[in-house]
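Ligands are counted one by one from 1 in listed order, and the atoms in each one are counted from 1 as well. Small disclaimer: the values here were computed from a predicted structure and weren't measured. Only this structure's heavy atoms are used, side chains among them; waters, hydrogens and symmetry mates stay out.
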Amino acid sequence: MPKLRIHSFGISLDGYGAGPGQDLANPLGVGGAALHEWAIATRTFRQMLGQDGGTTGTDDEFAARGFRNIGAWIIGRNMFGPIRGPWPDENWKGWWGDNPPFHTPVFVLTHHPRASIAMSGGTTFHFVSDGIHAALERAGDAANGQDVRLGGGVATIRQYLCEGLIDEMHLAISPALLGSGEHLLAGIDASKLGYQCTEHVPTTNVTHVVLTRGT
Ligand SMILES: NC(=O)c1ccc[n+]([C@@H]2O[C@H](COP(=O)([O-])OP(=O)(O)OC[C@H]3O[C@@H](n4cnc5c(N)ncnc54)[C@H](OP(=O)(O)O)[C@@H]3O)[C@@H](O)[C@H]2O)c1
């Protein structure tokens, strides 16, 4: 069985995974960019964008883990873009340009069906409207023996978490207070769901925490 893994999911000190008011100008919600500063500084992230340089060490190692043995992704419709409701046309193809950084099939949860979009570099966006289990099954098949990465956003992660379907969840806690937005764990008893903290490593930028589901 492929594992369902979360990596490099940034949260604020007060537990938010995205700021409020996401739109074209604020893909991560207002203030949400602060949750990703550690990641965009890493060599792994810069390489993903075709850039040289970047930090090495613990932050980079955690970022790199998230790309090993991943054969498919699942994301929510709001991570895919800022458009809500029925698709007005076929123009929006994600935030990431012609060659998105996934390089695998990506299953986008949405209530609004849409034809698949093949991008450069091996990424194909498939739109799934029959629920989280169907998305996981399709992603597991597409991963072809590798694991599935759950990219986010918050609403999507919360659904998989409540069903106990996430095997491993790496969170990077930034020293920032957002005060509002999308809260990752509010009202969820992760301990009762069988999760425990199996790793916690502070760096000067963030604290890395790994939650793993017990057997
Ligand atoms: N902190 C991080 O590391 C990180 C990582 C990724 C993303 N983000 C941020 O998180 C924010 C997005 O998170 P979010 O919680 O707003 O939304 P999300 O989880 O990305 O997407 C939620 C939307 O996906 C669709 N959806 C979700 N579950 C579904 C289901 N079971 N069946 C059908 N459709 C379903 C619905 O859209 P429709 O009903 O409209 O189709 C729903 O409104 C963005 O700001 C993004 O940048 C942060």
Got an N/O contact under 3.5 Å between G17 and ligand 1? yes
Does NE2 in H200 sit with more than 12 non-hydrogen atoms of other residues, nucleotides or ligands closer than 6.0 Å? no
Output the list of atoms in ligand 1 that are nearer than 4.0 Å to some heavy atom of V154, sorted by atom number. 13 (O), 14 (P), 15 (O), 19 (O)
Is atom 12 (C) of ligand 1 near the protein, in the sense that some protein heavy atom lies at less than 4.0 Å from it? yes
Testing W96, F67, W95 one by one against F102 for a ring-ring contact (aromatic ring centres under 6.0 Å, His included), which residue passes? W96
Contact atoms of ligand 1, heavy-atom distance to I132 under 4.0 Å: 31 (N)
Report yes if G131 has an N/O atom closer than 3.5 Å to an N/O atom of ligand 1; otherwise report no. no
Test of proximity, E182 against ligand 1: N or O pairs below 3.5 Å: no
Have a look at Q159 and tell me which of I132, V154, L165 forms a side chain to side chain contact (heavy atoms under 4.5 Å, CB included) with it. I132
So, does Q22 use its side chain to make a donor-acceptor pair with the main chain of P27 at under 3.5 Å? yes
Can you confirm, on distance only, whether ligand 1 has an N/O atom lying under 3.5 Å from any N/O atom belonging to T110? yes
Do L35 and I11 have side-chain heavy atoms sitting under 4.5 Å apart? no
Of G32, P27, G153, G81, the one whose closest heavy atom lies nearest atom 45 (O) of ligand 1 is P27
Ligand 1 contact on M79 by region, counting heavy-atom pairs under 4.0 Å: both
Could you see which bit of Q159 sits under 4.0 Å from ligand 1, with heavy atoms only: side chain, backbone, both or neither? side chain
